[in-house]
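Residue numbering restarts at 1 for every chain, and letters A, B, ... go by the order of the sequence lines.
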Number of protein chains: 2
Amino acid sequence: MRVVNNKGKKFRVPDATILRLPLYLDKLILLQQAGVKEVSSRQLATSLDIKASQLRHDFHYFGGFSKPGRPYQVDKLVPALEEIIGVDIPVPMIIVGAGHLGQGLANYRNFERLGFPLRGIFDVDPKLVGLEIRGVPIRPLSEMPGFVKEHGIKVGVLTVPVNVAQDVANQMIAAGVVGVWNFTPTDIRTPPQVIVRNERLAVGLMCLSFKTKRIGQNDELRQD
Amino acid sequence: MRVVNNKGKKFRVPDATILRLPLYLDKLILLQQAGVKEVSSRQLATSLDIKASQLRHDFHYFGGFSKPGRPYQVDKLVPALEEIIGVDIPVPMIIVGAGHLGQGLANYRNFERLGFPLRGIFDVDPKLVGLEIRGVPIRPLSEMPGFVKEHGIKVGVLTVPVNVAQDVANQMIAAGVVGVWNFTPTDIRTPPQVIVRNERLAVGLMCLSFKTKRIGQNDELRQD
DNA sequence: CCGTTCTTGTTAGGTCTTTGACAGGACCAA
DNA sequence: TTGGTCCTGTCAAAGACCTAACAAGAACGG
């Protein structure tokens with residue numbers, strides 16, 4: 001992934017850095033809300049459990065956000081990162097599939113706070129259609145394509161049953177969605193210009209299990 | 001993280017490999033259920049969008065699971081990976097915080113299939129206590145420590161409000177939990193022998209946004 | 001029996017990522 | 001002013017990770 005930094009130079013931003021940018025932003029918004037005005041790379045890095053030099057290195061890809069001797073100003077850093085990540089202008093999204101997971105995500109307030117207002121929820125189940133979650137009504141799936149076109153929705157959350165995942169994704173993409181956040185435990189195939197992010201919840205659990213299993217077992221083997 | 005492989009040699013298994021093991025297992029279980037008996041590194045790797053050599057390299061840390069010339073046998077590979085990851089023996093877990101996200105996770109059937117049966121759900125809200133989710137009753141939070149001790153629970157899912165996250169986590173750990181799957185948007189501090197995995201849902205969304213933002217903008221910059 | 005075509009295990013080399021080190025700016029106190 | 005302390009941007013070296021390449025085993029057909 002390439003970007004142009006604020007000095008007009010072109011850089012290839014490593015994936016590892018991209019993955020950390022949201023962490024920085026998330027933490028900085030918390031600081032901002034707490035009234036903190038300035039933060040040093042060391043403070044921010046320590047709170048995220050990474051090295052300060054890595055944080056500065058990451059920022060360096062974008063030309064840096066301060067100057068030598070001056071710590072970062074939270075009120076400048078937040079909008080700068082928001083712009084880089086692409087949440088400076090709110091990114092409206094929809095949730096397709098209003099099962100328990102879909103409803104759970106619809107109730108998650110954090111998304112809105114970080115620039116992803118929920119605009120619509122869709123499901124085929126007539127018993128769910130008409131219900132409201134935090135003011136957003138659940139609409140019939142058949143209305144989804146029209147809704148996406150009309151509101152210019154670019155990001156869709158996929159929480160439908162596995163067996164219809166690919167079909168529903170196709171409909172979303174045909175209607176104009178370019179980013180799919182896939183919670184179904186299957187791979188979905190898409191045209192190359194569409195980004196899919198698979199959120200395999202069970203993977204997180206298994207990583208946890210791998211590590212906890214080795215605790216208390218044989219101390220000689222524990223080392224990470 | 002170090003392990004001993006099946007040839008008696010000690011290896012340091014890279015984090016990157018550990019992160020992929022659950023993906024392998026997940027895919028293999030799907031194949032197994034579909035009745036597939038054999039699978040080659042190329043087939044498996046392609047379906048996961050990685051290189052075959054990487055997959056073999058990963059397996060190599062554990063001594064390999066076949067021999068030159070013979071593809072992997074699904075029925076042998078699945079239990080072998082289960083044992084390595086630590087889900088050969090089911091890992092019972094609890095969910096603490098029965099809000100919408102907690103309920104959504106409690107309804108997610110996949111966990112059980114992968115070796116993580118849900119044994120208990122806890123919340124302070126009297127309106128929730130007594131409800132059942134898939135046969136598992138929601139119990140008062142005050143009963144959690146006793147329940148953890150009695151049932152030997154090692155893994156807990158944390159889906160409580162942010163402001164009580166640290167306090168509830170402390171209670172879980174004091175009762176014997178050694179793996180915390182943290183869904184709250186805050187860091188929780190724990191003793192070193194406890195593993196915490198932070199599941200920052202918003203981070204996934206922001207990564208998606210970072211990439212979709214650059215699509216269709218300036219094609220010269222798109223390259224990853 | 002031999003050649004072809006599939007495999008895996010193994011390793012060396014290249015690539016990506018992290019880290020430590022340092023130059024130089026800013027601020028403060030004496 | 002001077003010295004001390006904090007800070008960032010920058011880069012080179014070290015470390016972690018991935019990949020291409022290949023030896024060698026297995027299966028099959030002729």
Side-chain angles (χ1 to χ4, degrees), chain A residues 1-3 5-21 23-24 28 31 36-74 76-77 80-81 207 223-224, chain B residues 1-3 5-21 23-24 28 31 36-74 76-77 80-81 207 223-224:
Chain A
M1 188 71 76
R2 287 177 183 284
V3 296
N5 74 9
N6 58 17
K7 293 181 183 168
K9 248 187 151 181
K10 252 198 281 187
F11 278 92
R12 191 186 161 282
V13 181
D15 285 346
T17 294
I18 296 176
L19 251 45
R20 277 187 297 269
L21 294 179
L23 298 176
Y24 299 149
L28 282 162
L31 290 176
V36 176
K37 293 296 172 196
E38 295 188 332
V39 65
S40 71
S41 61
R42 188 167 40 78
Q43 289 170 313
L44 192 51
T46 305
S47 73
L48 287 164
D49 208 27
I50 62 171
K51 294 281 192 299
S53 57
Q54 179 168 74
L55 187 149
R56 290 201 300 274
H57 200 292
D58 284 341
F59 284 4
H60 185 223
Y61 285 110
F62 305 98
F65 297 112
S66 179
K67 46 189 173 176
R70 294 287 309 144
Y72 301 108
Q73 295 185 38
V74 177
K76 287 187 178 173
L77 199 41
L81 282 176
C207 290
Q223 181 180 339
D224 77 328
Chain B
M1 188 71 77
R2 287 176 182 283
V3 297
N5 74 12
N6 57 16
K7 294 180 182 167
K9 248 187 150 179
K10 252 198 282 186
F11 277 92
R12 191 191 160 277
V13 181
D15 285 347
T17 294
I18 296 175
L19 252 46
R20 278 187 298 268
L21 294 179
L23 298 176
Y24 300 149
L28 282 162
L31 290 176
V36 177
K37 291 296 171 196
E38 294 188 331
V39 66
S40 71
S41 61
R42 188 165 39 77
Q43 289 170 314
L44 192 52
T46 306
S47 75
L48 286 165
D49 209 29
I50 62 170
K51 293 281 193 297
S53 57
Q54 178 167 74
L55 186 149
R56 291 201 300 274
H57 201 309
D58 284 341
F59 284 5
H60 185 224
Y61 285 110
F62 304 97
F65 297 111
S66 179
K67 45 189 171 175
R70 295 288 307 145
Y72 301 108
Q73 295 185 37
V74 177
K76 288 189 178 172
L77 199 41
L81 282 176
C207 290
Q223 183 180 338
D224 77 334

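- Between B:His60 and C:dT10, a side-chain N or O to OP1/OP2 separation shorter than 4.0 Å is present.
- Across all strands, B:Ser41 comes closer than 4.0 Å only to sugar-phosphate atoms, never to a base (heavy-atom distances).
- Contact check, A:Ser66 against D:dT8: no side-chain N or O comes under 4.0 Å of OP1 or OP2.
- Aromatic pair A:Phe65/A:Phe59: ring centres closer than 6.0 Å.
- Phosphate contact (OP1/OP2 of D:dC7, side-chain N/O of A:Arg42, threshold under 4.0 Å): present.
- Note that CG of B:Leu44 is 5.0 Å distant from CG of B:Leu28, once rounded to the nearest 0.5 Å.
- Taking atom CG on B:Leu44 and atom C1' on C:dC6, their separation rounds to 17 Å, with Å as the unit.
- The distance from atom CD1 of B:Ile50 to atom P of D:dC18 is 9 Å, rounded to the nearest whole Å.
- A distance-only check finds no donor-acceptor pair linking the side chain of A:Gln54 to the backbone of A:Lys51 [under 3.5 Å].
- Put simply, CD on B:Gln43 is 11 Å from C1' on C:dT7, counting in whole angstrom units.
- Rounded to whole angstrom, the span from the OH atom of A:Tyr61 across to the P atom of D:dG9 amounts to 14 Å.
- The residue among A:Thr17 and B:Gly69 whose nearest nucleotide of DNA chain C lies closer to the 5′ end is B:Gly69.
- Using a 4.0 Å cut-off, some side-chain N or O of A:Ser40 falls inside it from OP1 or OP2 of D:dC7.
- Among the nucleotides D:dT8, C:dT8, C:dT17, the one closest to the side chain of A:Pro71 is D:dT8.
- Rounded to an integer number of Å, the gap from NZ of B:Lys67 to C1' of C:dC6 is 15 Å.
- Between A:Tyr72 and D:dG9 there is a side-chain N or O to OP1 or OP2 distance below 4.0 Å.
- Rounded to a whole Å, the NE2 atom of A:His57 is 11 Å from the P atom of C:dT19.
- A 4.5 Å side-chain heavy-atom check between B:Glu38 and B:Val74 finds every atom pair outside the cut-off.
- In this structure, CG of B:Leu55 is placed 15 Å from C1' of C:dT10, rounded to the nearest angstrom.
- Along DNA chain C, the nucleotide nearest to B:Ser53 and the one nearest to A:Lys51 differ in position, and the one closer to the 5' end is contacted by B:Ser53.
- Rounded to an integer number of Å, the gap from B:Gln54 CD to C:dG14 P is 19 Å.
- B:Thr17 contributes no side-chain N or O that, together with a main-chain N or O of B:Val13, makes up a donor-acceptor pair within less than 3.5 Å.
- Distances shown here put a side-chain N or O of B:Arg12 below 4.0 Å from the OP1 or OP2 atom of D:dC17.
- Contact annotation: A:Arg56 side-chain N/O to C:dA21 OP1/OP2 distance is not under 4.0 Å.
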